[in-house]
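Here is the structure we will look at.
Just so it is clear, the structure is predicted and the values come from calculations on it, not from any experiment.
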Amino acid sequence: MPRYRRGFDVDAAFAHLRKRDRALGAWMRRIGPIEPDARWRKSFDPVDALARAILYQQLSGKAAATIVGRVEAAIASDRLHAGTLGRIDDAALRACGVSGNKALALRDLARREAAGEIPDLRRMATMQDGAIIDALVPTRGIGRWTVEMMLMFRLGRADVLPIDDLGIRKGAQRIDGLDAMPTPKALAERGERWGPYRTYASFYLWRIADMPSPG
């Protein structure tokens, strides 16, 4: 059974993308190399990461961090999973500032973990990207984008392109000088030339989207 390493050779990715796509390559030269994400080297618990993703949804970073801190205090742990979340009832979650929908999502995540439906880090190392997405998106409150962010920033998978992400689409619009953002389908087709380093291309598309317009 093949194992997937966490992280990839960003130097090889940089050279490959510049060679394959002149329009993107011009922006890449302007921005310079993007370093590997330090989180690729750090162990993490996927259930804890997903629980935090649920709590952070549709909130500012500061507000979400405050709520997470309250939950951690209430469960007397800095790790969110079935065992620790079982220490707190729904009323106490609400008192921490967790919405009803998010509380339901956390319960579903904990139930699925207890049932062995959420792969751990070791198991994920043997799973293809699509298999990880398929395993996690049935969880309430977890969409494809959330799993793609885990694949890119925590697991360091090299070939992920979040075609529904507005920043990615805006970046693609700028490199090609389009009047409107490409549709997800058009972006998927456009991104075929970036494989097998679509993750690294995405890092640049986000940077490009955030850069000020000339003049």
Side-chain angles (χ1 to χ4, degrees), residues 4 6-8 13 24 34 36-40 42 44-65 67-68 80 98-99 101-110 112-113 117-121 123-125 127-175 178 180-192 194-210:
Y4 295 86
R6 291 179 61 190
F8 54 89
L24 176 60
I34 296 176
D37 195 299
R39 289 171 291 183
W40 294 347
K42 296 179 180 178
F44 73 100
D45 176 2
V47 174
D48 178 76
L50 292 170
R52 292 171 188 276
I54 289 169
L55 291 172
Y56 268 79
Q57 286 170 2
Q58 298 177 319
L59 292 175
S60 69
K62 183 177 180 180
I67 292 172
V68 169
L80 310 178
V98 179
S99 70
N101 281 335
K102 289 184 180 181
L104 289 171
L106 290 175
R107 297 302 183 206
D108 187 44
L109 175 64
R112 290 177 183 275
E113 180 197 7
E117 297 174 14
I118 308 296
D120 60 17
L121 196 56
R123 185 171 153 207
M124 284 185 179
M127 298 172 67
Q128 294 182 350
D129 298 351
I132 294 174
I133 291 171
D134 290 343
L136 299 183
V137 294
T139 305
R140 183 180 181 125
I142 299 298
R144 183 182 182 92
W145 182 88
T146 298
V147 184
E148 288 172 335
M149 296 305 104
M150 178 185 287
L151 288 168
M152 298 170 77
F153 293 104
R154 304 303 293 270
L155 295 173
R157 296 296 175 93
D159 202 27
V160 181
L161 179 63
I163 58 174
D164 295 307
D165 186 280
L166 291 178
I168 297 288
R169 292 170 60 197
K170 181 180 177 182
Q173 176 188 357
R174 290 191 74 179
I175 66 171
L178 304 175
M181 289 188 294
T183 64
K185 181 180 179 182
L187 179 58
E189 294 172 353
R190 175 73 172 82
E192 288 181 1
W194 301 329
Y197 294 113
R198 286 180 288 184
T199 295
Y200 202 58
S202 297
F203 291 170
Y204 279 96
L205 293 174
W206 274 313
R207 295 275 187 98
I208 293 165
D210 288 338

For the backbone of Leu161 and the side chain of Ser202, can you confirm whether one donor and one acceptor N or O come within less than 3.5 Å of each other? no
Counting N and O atoms only, with roles assigned by atom type, does the side chain of Ser60 sit under 3.5 Å from a partner on the main chain of Ala63, one being a donor and the other an acceptor? yes
Donor-acceptor pair, distance only, cut-off 3.5 Å: does the side chain of Arg6 make one with the backbone of Arg154? yes
request  = Give a yes or no on whether the backbone of Pro182 and the side-chain of Gln173 come within a donor-acceptor separation of less than 3.5 Å.
outcome  = no
- request: May I ask you to test the Leu205-Ile175 pair for a side-chain heavy-atom distance under 4.5 Å?
  value: yes
Point to revise | Within 6.0 Å of CZ in Arg144, more than 12 heavy atoms from elsewhere | key: no
Is there side-chain contact between Phe8 and Thr199, with at least one heavy-atom pair below 4.5 Å? yes
*asked:* Determine whether Met124 and Leu136 satisfy the following criterion, side-chain contact (heavy atoms from CB on, under 4.5 Å), listing intermediate values before the conclusion.
replied: CA-CA 11 Å; Met124 284 185 179; Leu136 299 183; 4.0 Å; yes
Exercise for the section: Verify the neighbour count for atom CZ of Arg107: are there more than 12 heavy atoms of other residues, nucleotides or ligands below 6.0 Å? Expected result: yes
message = What I want to check is whether the side chains of Asp165 and Trp206 have a donor and an acceptor closer together than 3.5 Å.
response = yes
**Asked** Does any donor atom in the side chain of Asp164 or Trp145 lie under 3.5 Å from an acceptor atom in the other side chain?
**Response** no
TODO: Could you tell me whether the side chain of Phe44 reaches within less than 4.5 Å of the side chain of Arg39, counting heavy atoms only?
DONE: no
message: I want to check something: taking the side chain as every heavy atom from C-beta on, are Asn101 and Arg140 in contact at a cut-off of under 4.5 Å?
response: yes
Parallel, tilted or perpendicular: which one describes the rings of Phe203 and Tyr200, with boundaries at 30° and 60°? perpendicular
Check: Between Trp40 and Phe153, is the gap from one ring center to the other below 6.0 Å?
Finding: no
Next on the checklist: Is the shortest side-chain heavy-atom distance between Leu59 and Lys102 below 4.5 Å?
Outcome noted: yes
Indicate yes or no for a side-chain donor-acceptor contact from Thr139 to the backbone of Leu109 under 3.5 Å, with no hydrogens or angles considered.
no
Has the side chain of Tyr204 got a donor or acceptor atom that lies under 3.5 Å from a matching backbone atom of Ile34? yes
